[in-house]
Number of protein chains: 2
Amino acid sequence: MSPAVESGDVVDDVRRAIFEGDFVPGQRLIEVDLSTQFHASRASVRSALVQLAGEGLVERIQNRGARVRAVSLDEAVEISEVRMVVEGLCAAKAAQRASEQDLATLRGIATDMRAAVDAGDVLAYSELNRRLHATVRSVADQSVADAVLDRLRGQNVRHQYRLALLPGRASVSLPQHLEIVEAICARDAGRAEAAMRAHLASVIETLPQVGSPADA
Amino acid sequence: MSPAVESGDVVDDVRRAIFEGDFVPGQRLIEVDLSTQFHASRASVRSALVQLAGEGLVERIQNRGARVRAVSLDEAVEISEVRMVVEGLCAAKAAQRASEQDLATLRGIATDMRAAVDAGDVLAYSELNRRLHATVRSVADQSVADAVLDRLRGQNVRHQYRLALLPGRASVSLPQHLEIVEAICARDAGRAEAAMRAHLASVIETLPQVGSPADA
DNA sequence: GGCGCAAGGATTGTCAACAATTTCGTCCGC
DNA sequence: GCGGACGAAATTGTTGACAATCCTTGCGCC
């Protein structure tokens with residue numbers, strides 16, 4: 001028999017289950033069910049649900065239990081608007097703080113992005129997109145902004161995911177990504193922030209096209 | 001004897017105690033002590049601590065308990081930088097969405113601010129400052145940005161508070177506040193965002209002068 | 001047939017006791 | 001006098017049971 005699992009793992013398990021779609025928005029999360037599913041005590045599950053509610057991933061109502069929170073399209077737009085300004089801040093800081101090594105990494109991602117678009121490899125481009133944003137945040141070295149972005153990304157991971165699959169999306173965002181890299185390499189903070197904001201503004205404009213994740 | 005207190009109240013009680021300085025940064029928060037102090041069960045306290053850890057107000061270490069989190073000056077600066085861009089977003093949205101009624105409220109606050117500075121009433125000015133920022137956020141009607149700002153404000157409430165007491169601070173920030181109101185009343189989103197950012201940039205510059213709250 | 005209503009099941013909230021871990025003081029050997 | 005091992009106290013983590021609440025189902029009544 002496996003020993004008792006400490007609560008920290010349960011949070012990760014449930015969070016991953018939500019991310020991977022094992023738990024769909026609106027689905028009830030019943031404490032005893034989760035405790036058997038993840039081999040944890042009910043107290044651990046309970047603590048995990050409180051924590052996930054704080055992250056905005058689940059919704060808890062007094063005496064009625066928890067369910068996976070569904071984010072509406074309107075809310076996804078608001079989330080992306082906040083992301084826009086905060087990632088803009090990160091881009092500006094990155095332009096100020098990047099080492100030569102960092103710039104080389106960014107240029108490498110830019111090159112690979114071009115290649116992925118040429119090859120029509122949507123999946124590779126999507127991964128590079130993730131890496132570019134992650135690298136900018138890492139270079140910016142803003143722990144608070146980073147934490148805020150993590151929280152926000154968790155909430156509309158579903159919307160994000162569907163966006164990358166839109167046909168022709170890559171050819172629109174590629175020049176925006178290249179401009180971000182170029183601005184940072186030029187160490188122009190203002191231009192880097194503007195480029196990042198322009199890119200995410202474009203993402204926001206595209207969001208309604210992908211529709212609400214409910215009607216898949 | 002008062003009946004058992006539900007956990008929701010404990011969160012508020014502890015949060016308020018931290019805000020009001022009853023619990024100082026670094027202070028250990030022992031579960032049984034809190035449960036007697038707030039007439040709650042240990043489970044409620046425990047749940048409250050998990051929640052507050054999610055809000056970034058307390059720090060919890062495995063098997064070592066919880067303590068009030070101390071935010072360094074560097075972190076306070078980072079928090080304010082994020083606040084700068086997010087409140088900038090709110091100011092821009094407010095400029096787009098404000099009703100005539102909203103504009104009247106803002107102009108009223110501006111008038112009162114001038115009067116408070118003339119009268120040298122620091123406390124009244126501080127309260128008006130709070131009201132101005134709250135009104136802008138309310139008019140912007142951005143629930144996500146609002147939640148982010150609430151979280152951030154909770155973490156450096158101590159730094160904020162000390163700032164208002166700096167002599168001569170009001171005369172510096174008054175024109176900035178007036179410019180924010182003017183820009184919103186002109187329905188100029190770009191100018192409103194720039195004004196809000198300039199104001200908070202000024203706050204950030206001033207932060208080091210107030211020093212770390214530890215050495216009071 | 002529709003509607004109020006009570007009983008039952010399902011689920012969450014609370015509590016007290018127990019186990020595990022850390023911390024602190026003490027004592028022994030050097 | 002000092003460092004390390006031992007042990008007790010303090011504190012957190014976990015468990016199981018019980019109480020409170022909500023939802024469903026079936027019944028009687030209009």
Side-chain angles (χ1 to χ4, degrees), chain A residues 1-18 21-71 155 214, chain B residues 1-18 21-70 214:
Chain A
M1 179 67 74
S2 61
V5 180
E6 63 197 30
S7 58
D9 295 339
V10 184
V11 186
D12 295 338
D13 286 344
V14 176
R15 193 190 295 115
R16 179 165 44 245
I18 294 176
D22 295 339
F23 297 151
V24 299
Q27 177 173 345
R28 287 193 62 183
L29 299 175
I30 289 147
E31 297 180 356
V32 291
D33 292 356
L34 296 183
S35 67
T36 61
Q37 179 170 350
F38 296 120
H39 307 288
S41 73
R42 225 194 90 194
S44 304
V45 170
R46 203 179 166 71
S47 171
L49 289 177
V50 170
Q51 199 168 326
L52 292 173
E55 295 179 21
L57 282 177
V58 313
E59 205 174 15
R60 264 167 56 89
I61 306 180
Q62 180 81 234
N63 288 324
R64 288 203 206 176
R67 55 183 60 218
V68 181
R69 203 166 77 85
V71 308
Q155 292 179 22
Chain B
M1 180 67 72
S2 62
V5 178
E6 65 197 28
S7 58
D9 294 338
V10 184
V11 185
D12 295 339
D13 286 345
V14 177
R15 193 190 293 115
R16 178 163 47 244
I18 294 176
D22 295 338
F23 297 150
V24 300
Q27 176 173 345
R28 288 194 61 185
L29 300 175
I30 289 145
E31 297 181 356
V32 35
D33 290 356
L34 297 184
S35 68
T36 60
Q37 179 170 350
F38 296 120
H39 306 288
S41 74
R42 227 193 87 195
S44 304
V45 170
R46 202 178 166 72
S47 171
L49 289 177
V50 170
Q51 196 168 330
L52 292 173
E55 294 180 21
L57 282 176
V58 314
E59 205 174 13
R60 263 166 56 88
I61 305 179
Q62 180 79 236
N63 287 325
R64 290 204 203 176
R67 57 183 59 217
V68 180
R69 204 166 76 85

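Labels below follow one simple rule: chain letters A, B, ... track the order of the sequence lines, proteins then strands, and each chain is numbered from 1.
Note that the two end axes of the helix from C/dG1-D/dC30 to C/dC30-D/dG1 enclose an angle of 0°, each drawn from 5 base pairs, rounded to 10 degrees.
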Between the protein and nucleotides 19-25 of chain D, list every N/O to N/O distance that falls short of 3.5 Å.
{"residue": "D/dT21", "atom": "O3'", "partner": "A/N63", "partner atom": "ND2", "Å": "3.4"}
{"residue": "D/dC23", "atom": "OP1", "partner": "A/R64", "partner atom": "NE", "Å": "3.3"}
{"residue": "D/dC23", "atom": "OP1", "partner": "A/R64", "partner atom": "NH1", "Å": "3.3"}

Write down the protein N/O and nucleotide N/O pairs, taken from nucleotides 5-7 of chain C, whose separation is under 3.5 Å; answer none if there are no such pairs.
none

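In this structure, A/R28 has no side-chain hydrogen bond (donor to acceptor under 3.5 Å, both in side chains) partners at least two apart in sequence or on a different chain. Residues satisfying the side-chain hydrogen bond (donor to acceptor under 3.5 Å, both in side chains) test with A/Q155, not counting sequence neighbours, are A/R69. A/E55 is linked by a side-chain hydrogen bond (donor to acceptor under 3.5 Å, both in side chains) to A/R15, counting only residues two or more places apart in sequence or in another chain. Remark: B/R64 pairs with no residue by the side-chain hydrogen bond (donor to acceptor under 3.5 Å, both in side chains) rule, at least two apart or across chains. For A/D22, the side chain to side chain contact (heavy atoms under 4.5 Å, CB included) test picks out A/A17, A/E20, with sequence neighbours left out. For A/V32, the side chain to side chain contact (heavy atoms under 4.5 Å, CB included) partners at least two apart in sequence or on another chain are A/I30, A/S35, A/R42.
Within 4.0 Å (heavy atoms only), A/L29 reaches sugar-phosphate atoms of the nucleic acid but no base atom.
Straight-line distance from the CZ atom of A/R42 to the P atom of C/dT11: 11 Å, rounded to whole Å. Atom P of nucleotide C/dA10 and atom CD1 of A/I61 are separated by 22 Å, given to the nearest angstrom.
Within the 4.0 Å cut-off from OP1 or OP2 of D/dT15, at least one side-chain nitrogen or oxygen of A/S41 is found.
You'll find that the side chain of B/S44 is closest to C/dT14, out of C/dT14, C/dG13, D/dG13.
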